[in-house]
Amino acid sequence: MPAAALLTDTEIDQRLTALPDWTRDGNAIRRTAKAADFPTAIRIVVDVAEQAEEMDHHPDIDIRWRTLHFTLSTHSAGGLTALDFELAGRIDQVVAAH
Ligand SMILES: C[C@H](O)[C@H](O)[C@H]1CNC2=NC(N)=NC(=O)C2=N1
């Protein structure tokens with residue numbers, strides 16, 4: 001995969017309008033998802049892991065019982081790139097499927 005370019009603030013704002021569950025926090029975007037129960041939360045994490053491996057782009061995930069906190073940033077670029085928004089969309093699809 002080619003090196004991802006940092007997005008400008010304007011590009012980030014535009015992309016966030018298409019992802020209403022995500023908010024910006026400095027060099028990252030975040031969303032929280034509440035699953036029906038703990039096993040479902042873990043299944044979401046497993047499915048997100050599959051997407052992350054396919055993209056070779058990985059989220060930070062905080063698991064609190066049935067609540068998941070996802071934080072996305074492109075560490076190698078030092079900020080937000082198109083990869084983070086692609087992964088955010090995939091995470092939304094996984095969450096919606098559970
Ligand atoms: C070698 C491999 O491509 C890199 O370590 C990848 C893996 N996953 C990654 N995930 C994220 N979020 N940021 C990165 O910079 C990153 N780098």
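Values reported hereafter were calculated over all heavy atoms of this structure, with side chains retained and with hydrogens, waters and symmetry mates removed. Atoms within a ligand are numbered from 1 in the order they appear, just like the ligands themselves.
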**Student:** Indicate whether any N or O donor in one side chain lies under 3.5 Å from an N or O acceptor in the other, for Gln51 and His57.
**Tutor:**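 Note: Gln51 and His57 side chains miss the donor-acceptor criterion.
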
**Student:** Taking N or O atoms only and a 3.5 Å limit, does Asp56 qualify as a polar contact for ligand 1?
**Tutor:** yes

**Student:** Taking only heavy atoms of His57, which atoms of ligand 1 are found under 4.0 Å from at least one of them?
**Tutor:** 8 (N), 10 (N), 11 (C), 12 (N), 13 (N)

**Student:** Under a 3.5 Å cutoff, is there a donor and acceptor pairing between the side chains of Thr40 and Asp37?
**Tutor:** yes

**Student:** Side chain, backbone, both or neither: which part of Ser73 has a heavy atom under 4.0 Å from ligand 1?
**Tutor:**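 For Ser73, only backbone atoms sit under 4.0 Å from ligand 1.
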
**Student:** Distance check, rounded to the nearest 0.5 Å: Asn27 atom CG versus Leu6 atom CG?
**Tutor:**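 Spacing of CG (Asn27) from CG (Leu6) equals 8.0 Å.
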
**Student:** At what distance is the nearest protein heavy atom to atom 15 (O) of ligand 1, and which residue and atom is it?
**Tutor:** Ser76 N, 2.8 Å

**Student:** Looking at atom 10 (N) of ligand 1, what's its closest protein heavy atom, distance included?
**Tutor:** His58 N, 3.0 Å

**Student:** Between the side chains of Arg30 and Thr71, does any donor sit under 3.5 Å from an acceptor?
**Tutor:** yes

**Student:** Would you find more than 12 non-hydrogen atoms of other residues, nucleotides or ligands less than 6.0 Å from Arg24 atom CZ?
**Tutor:** yes

**Student:** Taking atom 8 (N) of ligand 1 as the reference point, report whether a protein heavy atom occurs under 4.0 Å from it.
**Tutor:**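 True for atom 8 (N) of ligand 1.
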
**Student:** Ignoring hydrogens, tell whether any protein atom lies closer than 4.0 Å to atom 13 (N) of ligand 1; use the non-hydrogen atoms only.
**Tutor:**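 For atom 13 (N) of ligand 1 the answer is yes, since some protein heavy atom falls inside 4.0 Å.
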
**Student:** Could you measure the distance from the CZ atom of Arg43 to the CZ atom of Phe38? Nearest 0.5 Å is fine.
**Tutor:**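 One gets 11.0 Å once the value is rounded to the nearest 0.5 Å.
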
**Student:** Geometry only, no angles: is Thr74 polar-contacting ligand 1 at N/O separations under 3.5 Å?
**Tutor:** no

